[in-house]
A.B. asks: 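The structure under discussion is supplied below as structure tokens; questions concerning it will follow.
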Protein chains: 2
Amino acid sequence: MLNLLELEQLAAFADWGTLSKAAEQLHISQPTITRTMQHLEEEFGVPLFSRSKNKIQLNETGKKAVEYAKSLLEDAKEAVAQVQAFHKRLHTITVQSCAPAPLWSLLPILSSEFPQQTISSTLLEEPEIVRQVRDGDCEMGILPRPVEQEGVKCVPFLEEKLSVCVPYEHSLAERTSLTFQELNGFNCLLLSQIGFWDKLCREKMPASRFLVQTDSFEFAELVRHSSLLCFTTNLARDSQELFHKRNIIPLTDAQANVTYYLLFTNSVYQAVAEKCSNRH
Amino acid sequence: MLNLLELEQLAAFADWGTLSKAAEQLHISQPTITRTMQHLEEEFGVPLFSRSKNKIQLNETGKKAVEYAKSLLEDAKEAVAQVQAFHKRLHTITVQSCAPAPLWSLLPILSSEFPQQTISSTLLEEPEIVRQVRDGDCEMGILPRPVEQEGVKCVPFLEEKLSVCVPYEHSLAERTSLTFQELNGFNCLLLSQIGFWDKLCREKMPASRFLVQTDSFEFAELVRHSSLLCFTTNLARDSQELFHKRNIIPLTDAQANVTYYLLFTNSVYQAVAEKCSNRH
DNA sequence: TATTATTACGTTAGGCGTAAAGATT
DNA sequence: AATCTTTACGCCTAACGTAATAATA
């Protein structure tokens with residue numbers, strides 16, 4: 001039977017032209033590779049090389065053998081990768097969400113329900129989330145609206161309501177409610193990694209500029225020492241910084257008050273989804 | 001790197017259900033296969049089995065690994081076969097002919113021109129011959145007519161003229177020439193393995209019956225002791241049997257007097273083809 | 001009790017590297 | 001001289017089988 005280690009030497013010889021170079025590249029001795037080539041000819045049962053006294057080269061048959069050898073080596077490598085990927089997949093629950101807040105509730109639940117599994121989550125745009133859930137590329141998805149899709153189950157999860165944090169001295173500070181339209185034109189501080197909220201704000205407040213902060217401490221510092229608007233929600237885990245000398249004013253737009261829905265195909269997650277919705 | 005021998009043990013385990021059975025089938029000891037399975041798990045880097053005290057079985061990942069293992073084993077076997085076939089092909093000149101007579105001239109020439117090569121010949125029907133030459137499935141073809149085909153060279157080779165052997169007492173015995181039409185209705189003795197001649201006779205003499213003989217000695221015996229018609233050509237290597245108390249009368253039909261053409265794609269055979277046509 | 005997987009252990013065969021030879025440029 | 005392939009030789013690892021262990025049906 002063929003031996004992949006030997007085929008690798010054959011491929012190396014084909015790539016480097018001489019047994020010496022190939023041996024050097026593979027960190028083995030020259031006699032070893034000579035022996036291997038002889039052994040390969042036995043295995044294939046046909047001559048693969050044309051030999052003169054101190055020169056050896058592939059004949060036509062040998063070149064064909066090299067083709068197959070490289071293909072087999074590639075396939076073998078691919079097989080290992082695929083099996084590893086399959087294993088990883090089997091022990092990973094991947095959640096694709098449109099926003100971070102619902103993950104804060106869901107991930108701990110998944111961790112306790114599936115203590116053996118690794119939980120992996122990413123923020124994605126809505127269409128991509130739907131596609132991944134449908135194609136089985138992830139186990140769960142979280143959207144800010146329900147979807148009707150063949151084979152995809154969709155369960156309401158929890159609500160998030162957006163509010164704006166207005167400094168006391170701001171002209172809007174005394175309002176009890178606001179709309180995107182009224183905020184449009186005022187510049188805002190924003191955190192990165194907030195999923196669809198970012199896109200929503202830019203869409204609804206095209207005249208505003210958004211100063212996106214990656215670091216939450218820097219963000220908090222800026223909030224404290226600036227008079228720029230910023231946002232929070234009922235689910236936010238902010239420290240007191242946001243409330244420091246600011247009024248929290250709810251937005252009344254429908255799109256600022258979303259209900260998250262859990263998407264999944266495998267009914268294993270039905271129970272979790274129901275448990276989640278009951279909690280809220 | 002994966003080892004195909006180990007993968008074979010994995011496949012055997014999958015097929016036979018227990019390590020013991022697999023070991024027995026492969027004529028190896030049980031400890032060996034146990035170790036191999038452990039080693040395979042290291043190679044793949046993930047668990048492939050679920051083990052209880054005296055039971056071991058494939059887990060989901062393991063089943064995937066078996067799929068890939070079997071595929072790789074199949075590919076490896078196929079690779080060896082393909083390389084061997086390639087080698088054989090490289091050292092074999094295959095000639096597909098519509099009739100045996102031109103082979104009697106061509107094969108000796110090929111043998112002396114290519115003493116290293118094995119010469120292989122078969123009788124086929126015309127369309128298949130053209131296909132094989134075109135597709136490179138054979139090196140040369142012999143047809144009873146020229147063909148125009150992209151990339152296929154076509155050189156006139158030699159002529160064969162059909163005659164009928166009529167017993168002295170036969171009503172047609174005194175004719176100096178004949179046609180298929182005149183022969184139609186008379187029953188004939190025929191040898192097998194005469195290529196397109198068989199089909200031609202049946203087509204041109206639909207009212208006749210043909211008694212096909214496989215053995216040439218039996219054929220000669222029948223010719224000698226019957227008054228049935230039979231055929232010969234200018235190229236035939238018949239003994240005197242056919243002429244025993246028979247007149248040899250040529251057929252005048254165009255299709256009974258053919259010119260054979262050599263077909264080939266590889267110009268290596270151009271020289272041979274020219275040498276052939278010069279000889280005749 | 002028979003079957004199965006695994007561990008322990010001693011042996012051996014096969015594979016590797018070093019050294020050397022032969023040949024070519 | 002330098003480079004390359006091949007042969008010869010000795011060592012050593014790694015793989016195998018036997019025997020023993022443990023557990024199950």
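The structure presented is a predicted model; accordingly, all values stated were derived computationally and were not measured.
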A.B. asks: At a heavy-atom distance below 4.0 Å, what parts of residues 27-35 of chain A sit against DNA chain D?
C.D. replies: A:Gln30, A:Pro31, A:Thr34
A.B. asks: Yes or no on side chain to side chain donor-acceptor pair (under 3.5 Å) for B:Glu274 and B:Gln270, after CA distance, side-chain angles and deciding distance?
C.D. replies: CA-CA 6 Å; B:Glu274 282 163 11; B:Gln270 183 85 44; 3.3 Å; yes
A.B. asks: Any side-chain donor-acceptor pair under 3.5 Å between A:Glu42 and A:Gln38?
C.D. replies: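 No.
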A.B. asks: Within this structure, what is the CD1-OG1 distance for the pair A:Ile33 and A:Thr18, rounded to the nearest 0.5 Å?
C.D. replies: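 Answer rounded to 0.5 Å: 8.5 Å.
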A.B. asks: Roughly, in whole Å, what's the span from CZ in B:Phe49 to P in C:dA5?
C.D. replies: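 In whole Å, C:dA5 P lies 11 Å from B:Phe49 CZ.
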A.B. asks: Would you indicate which nucleotide in C:dT4, C:dT7, C:dA23 comes nearest to any side-chain atom of A:Asn54?
C.D. replies: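 Nearest to the side-chain atoms of A:Asn54, counting from C-beta on, is C:dA23.
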A.B. asks: Less than 4.0 angstrom from a charged side-chain N to a carboxylate O is my criterion; do A:Lys77 and A:Glu74 meet it?
C.D. replies: no
A.B. asks: Within this structure, what is the CZ-to-C1' distance between B:Arg51 and C:dA5, rounded to whole angstrom?
C.D. replies: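 Taking atom C1' of C:dA5 as the reference, CZ of B:Arg51 is at 9 Å.
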A.B. asks: In terms of side-chain heavy atoms, does A:Glu159 have a donor or acceptor partner in A:Tyr260 at a distance below 3.5 Å?
C.D. replies: no
A.B. asks: Which residue pairs pass the side chain to side chain donor-acceptor pair (under 3.5 Å) test when at least one of the two sits in residues 138-157 of chain A, sequence neighbours left out?
C.D. replies: A:Arg89-A:Glu139, A:Glu126-A:Arg145
A.B. asks: For a 4.0 angstrom threshold against heavy atoms of chain B, report the outermost contacting nucleotides of DNA chain D in 5' to 3' order.
C.D. replies: D:dC16 to D:dT24
A.B. asks: Does anything in residues 49-58 of chain A pair up under side chain to side chain donor-acceptor pair (under 3.5 Å), and if so which pairs, sequence neighbours excluded?
C.D. replies: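 The answer is A:Glu41-A:Arg51.
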A.B. asks: For the atom pair CZ (B:Phe86) and OG1 (A:Thr61), what is the distance rounded to the nearest 0.5 Å?
C.D. replies: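 Answer for the CZ-OG1 pair, B:Phe86 versus A:Thr61, is 5.5 Å.
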A.B. asks: Heavy-atom contacts under 4.0 Å between residues 1-24 of chain A and DNA chain D, which residues?
C.D. replies: A:Thr18, A:Leu19, A:Ser20
A.B. asks: More than 12 non-hydrogen atoms from neighbouring residues, nucleotides or ligands closer than 6.0 Å to CD on B:Glu125, yes or no?
C.D. replies: no
A.B. asks: Quick one: side chains of residues 4-16 of chain A, donor-acceptor pairs under 3.5 Å with protein atoms, not counting sequence neighbours, listed by atom name and distance.
C.D. replies:
residue : atom : partner : partner atom : Å
A:Glu6  : OE1  : A:His39 : ND1          : 3.1
A:Glu6  : OE2  : A:His39 : ND1          : 2.5
A:Gln9  : OE1  : A:Thr36 : OG1          : 2.9
A:Asp15 : OD1  : A:Lys70 : NZ           : 2.6

A.B. asks: Which heavy-atom pair separates A:Ile142 from A:Ile129 by the least distance, and what is that distance?
C.D. replies: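 For A:Ile142 versus A:Ile129, the nearest heavy atoms are O-CD1, 3.8 Å.
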A.B. asks: Could you give the CD1-to-P distance, from B:Ile56 to C:dA5, as a whole number of Å?
C.D. replies: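 Rounding to the nearest Å, CD1 of B:Ile56 and P of C:dA5 are 7 Å apart.
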A.B. asks: It should be established whether B:Gln38 places a side-chain nitrogen or oxygen under 4.0 Å from OP1 or OP2 of nucleotide C:dT7.
C.D. replies: yes
